Amino acid sequence: ASQHRLWPEIEKTVKQQVAMARMGIGECGSGWQLFAEDGEMKMYRREEEIDGMVVDPLKAVHVVKGITGHEVCHHFFSPQYRYDWETTLEQMTVLETISDDTLLFLQTHKRIWPASQRDVVFWSHIRKLPNDQDRDGPDIWTVVNNSTGHPDHPANVGKCVRIFLTVCLLCQTRVNPPKDGTPLSRENVSCKITYCSVVNPGGWAPASVLRAVYKREYPKFLKRFTAYVTNQTKNKPIMF
Ligand SMILES: CCCc1ccc(-c2ccc(S(=O)(=O)CCO)cc2)cc1[C@H]1C[C@H]1c1ccccn1
C-alpha cells in the first residue's frame, strides 16, 4: 500500500492518532469529563463546537478478559462482521481494497430524528505496532478510520449529510501465564482497549440531540462490540 496516493496521509494520521490514544486522560489536555462508566469501561468526552456544530471528542478505555488486541482489531476492521455489531449502520460498501490492511468504505447510518440521515466515506487501516514499552510483551494492534473524499461519491449530493470523522481503536494485549506451566488459555489473556473518536456531523443538528445520541450510542456500541468479539472467539484458538 506504500505507493497508494493515500499512503502519506495514512502514515501521518496513524502515528498522530496512536500517540494521542496512548496518552492517559490526564495528559490529554484538560476538559475531559467522565460521562459513562460500566464496570471496566470508562467513557470521557470534551464539549467542543465548530461553527455551532457539536464535535465533542470522545475517549473510551475498557479492559476485556479473554480476548486479544489482534482479535479486537480484526473484528473491528473486517467488513464481513460489521452488520453484526454496528447497530446504527444502514448500508456499508467497500469502495476500494487499497491493500490487505487498508480499505475504503462508504457507510450510511440510520437517521436520528429530527436530524437528517448521515453518510461517511473513510479509509480504514489496521496495523500491528511494536510494544516499545515492554519489549518482550505482546504487540499492540490498532485500527484507524479517517474520512476522505471520493470522486464517485461527492459529499451532500443525495439525501444524506456527509459527516467527517477520525477514529482510533488501540488495543494492548496482557498475558498472565499460568503458574503451573499449563498451556496458555483465554483465562490468561485480557485486552486493554482505547477508543478515540471525533465526529463532525457535517451539517447543523441540535446540540442537545447529538449529545443525547452520543451519550446513548457510544457506551452501547463499545459494550456490544466487545461482547461480539468475546462471543465470536470463545471456542477458537487465541489469535495473538
Ligand atoms: C449525526 C452523527 C451520526 C453518526 C455518524 C457517524 C457515526 C459513526 C461512524 C463510524 C464509526 S467507526 O468507529 O468508524 C465504526 C465503523 O462504523 C463510529 C461512529 C455514528 C453516528 C451516530 C449514529 C450514532 C452513533 C454514535 C456513536 C456510535 C455509534 N453510532
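Everything numeric here is computed off the predicted structure, so don't read it as measured data.
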**Study point:** Electrostatic pair R118:E90 at N-O distance under 4.0 angstrom
**Key:** no
Practice item. Identify the two heavy atoms, one from K59 and one from M23, that lie closest to each other, and give their separation to 0.1 Å. Key: NZ-O, 2.6 Å
Check your understanding: Does S185 use its side chain to pair, donor to acceptor, with the backbone of E187 at less than 3.5 Å?
Key -> yes
Review point. Given side chains that start at C-beta, do those of L170 and V18 come closer than 4.5 Å, heavy atoms only?
Key: yes
**Study point:** Co-membership, hydrophobic cluster, residues V61 and W141, 4.5 Å side-chain
**Key:** no
Practice item. Evaluate the side-chain proximity of C168 to V143: yes if any heavy-atom separation is below 4.5 Å, no if none is. Key: no
Exercise for review: Carefully, step by step, assess W7 and H125 under the rule side-chain contact (heavy atoms from CB on, under 4.5 Å).
Suggested key: CA-CA 10 Å; W7 188 249; H125 177 73; 3.8 Å; yes
Point to revise | Whether over 12 other heavy atoms sit under 6.0 Å from D51 CG | key: no
Point to revise | Heavy-atom pair of closest approach, residues E71 and H75 | key: O-ND1, 2.8 Å
Check your understanding: In Å and rounded to the nearest 0.5 Å, what is the CG to OH distance from L34 to Y44?
Key -> 5.0 Å
Review point. When rounded to the nearest 0.5 angstrom, what is the spacing between CD1 in I67 and NZ in K234?
Key: 12.5 Å
Practice item. Output, in order, the C-alpha distance, side-chain angles, deciding distance and verdict of side-chain contact (heavy atoms from CB on, under 4.5 Å) for L103 and F77. Key: CA-CA 9 Å; L103 301 173; F77 172 76; 3.7 Å; yes
Review point. Taking the side chain as C-beta and beyond, is there a heavy-atom pair between Q107 and R82 under 4.5 Å?
Key: yes
Check your understanding: In terms of hydrophobic clusters joined by side-chain contacts under 4.5 Å, are V167 and V94 together?
Key -> yes
Review point. Has the side chain of T173 got a donor or acceptor atom that lies under 3.5 Å from a matching backbone atom of G69?
Key: yes
Exercise for review: Please name the pair of heavy atoms, one in I238 and one in R186, separated by the smallest distance, quoted to 0.1 Å.
Suggested key: CA-NH2, 3.5 Å
Study note, to complete from the structure: CG of L106 to SG of C160, rounded to nearest 0.5 Å, is 8.5 Å
Practice item. Can you measure from OG1 (T102) to CH2 (W123) and round to the nearest 0.5 angstrom? Key: 8.0 Å
Exercise for review: Give the minimum heavy-atom separation between M53 and P201, together with the two atoms involved.
Suggested key: CB-CG, 4.3 Å
**Study point:** Partners meeting side-chain hydrogen bond (donor to acceptor under 3.5 Å, both in side chains) with K42 (sequence neighbours left out)
**Key:** none
Review point. Distance under 6.0 Å and angle within 45° of the ring axis: does R211 meet both against F35?
Key: no
Check your understanding: Would E217 and K110 pass as an ion pair if we require N to O under 4.0 Å?
Key -> no
Review point. Within a radius of less than 6.0 Å around NZ of K65, do more than 12 heavy atoms belonging to other residues, nucleotides or ligands occur?
Key: no
Point to revise | Test item: V199 and Y214 side chains (from C-beta on) under 4.5 Å apart, heavy atoms | key: yes
Review point. Short question: side chain of R111, backbone of P114 - any donor-acceptor pair under 3.5 Å?
Key: yes
Review point. Do I193 and V189 share a hydrophobic cluster, counting only Ile, Leu, Val, Met, Phe, Trp and Tyr and linking them when any side-chain heavy atoms are less than 4.5 Å apart?
Key: no
Point to revise | N131 side chain to P138 backbone, donor-acceptor under 3.5 Å | key: yes
Check your understanding: Are I98 and V120 connected in the hydrophobic side-chain network, where two residues link if heavy atoms are under 4.5 Å apart?
Key -> no
Exercise for review: Is it possible for you to say whether W85 and F122 belong to one hydrophobic cluster, with membership spreading through side-chain heavy-atom contacts below 4.5 Å?
Suggested key: yes
Point to revise | Audit row: H74, Y81, side-chain contact (heavy atoms from CB on, under 4.5 Å) steps and yes/no | key: CA-CA 9 Å; H74 169 72; Y81 308 112; 3.0 Å; yes
Exercise for review: Decide yes or no for C171 and F76: does some side-chain heavy atom of the first lie under 4.5 Å from some side-chain heavy atom of the second?
Suggested key: no
Point to revise | Min side-chain heavy-atom separation N145-S124 under 4.5 Å | key: yes
Point to revise | Donor-acceptor contact present, side-chain Q172 to main-chain K192, <3.5 Å | key: no
Review point. How far does CG of L210 sit from CD of E49, to the nearest 0.5 angstrom?
Key: 9.5 Å
Check your understanding: So how far is it from K220 NZ to D38 CG, rounded to the nearest 0.5 Å?
Key -> 14.0 Å
Check your understanding: For P79 and F105, which heavy atoms make the closest approach, and how far apart are they?
Key -> CB-CE2, 3.8 Å
**Study point:** I10 backbone acceptor or donor facing T13 side chain under 3.5 Å
**Key:** no
Revision key, fill the gap. Of all heavy-atom pairs linking G202 and V161, the shortest is C-CG1, 3.8 Å
Practice item. For residues V198 and F164, determine if any side-chain heavy atom of one lies less than 4.5 Å from a side-chain heavy atom of the other. Key: no
Exercise for review: Mark yes or no for whether R224, through its side chain, and D84, through its backbone, hold a donor-acceptor pair below 3.5 Å.
Suggested key: yes
Practice item. Look only at the side chain of D56 and the backbone of E48, and say whether a donor-acceptor pair between them is shorter than 3.5 Å. Key: yes
Result block: side-chain N/O donor-acceptor pairs under 3.5 angstrom for residues 146-157, not counting sequence neighbours:
residue	atom	partner	partner atom	Å
N146	OD1	T166	OG1	2.7
N146	ND2	E9	OE2	3.1
S147	OG	L165	N	2.5
S147	OG	L165	O	3.1
H150	ND1	D152	N	3.1
N156	OD1	R162	N	2.7

Check your understanding: So, H4 versus E96: side-chain donor-acceptor pair below 3.5 Å or not?
Key -> yes
Practice item. Test ring pair (Phe, Tyr, Trp, His ring centres under 6.0 Å) on Y195 and F221 and set out the steps. Key: CA-CA 11 Å; Y195 174 87; F221 144 71; 4.9 Å; yes
Exercise for review: Report the C-alpha distance between D139 and F240 in whole Å, list the side-chain angles of each, state the deciding distance to 0.1 Å, and finish with yes or no for side-chain contact (heavy atoms from CB on, under 4.5 Å).
Suggested key: CA-CA 8 Å; D139 295 309; F240 283 104; over 6 Å; no
Point to revise | Main-chain N/O of V14 paired to R127 side chain as donor or acceptor, under 3.5 Å | key: no
Review point. If you draw a 6.0 Å radius around CE in M20, do more than 12 non-hydrogen atoms from other residues or ligands fall strictly inside?
Key: no
Practice item. Please answer whether the main-chain N or O of K223 pairs with a side-chain N or O of T226 as donor and acceptor at a distance below 3.5 Å. Key: yes
Check your understanding: Below 4.5 Å, heavy atoms only, C-beta onward: do M92 and Y83 meet side chain to side chain?
Key -> yes
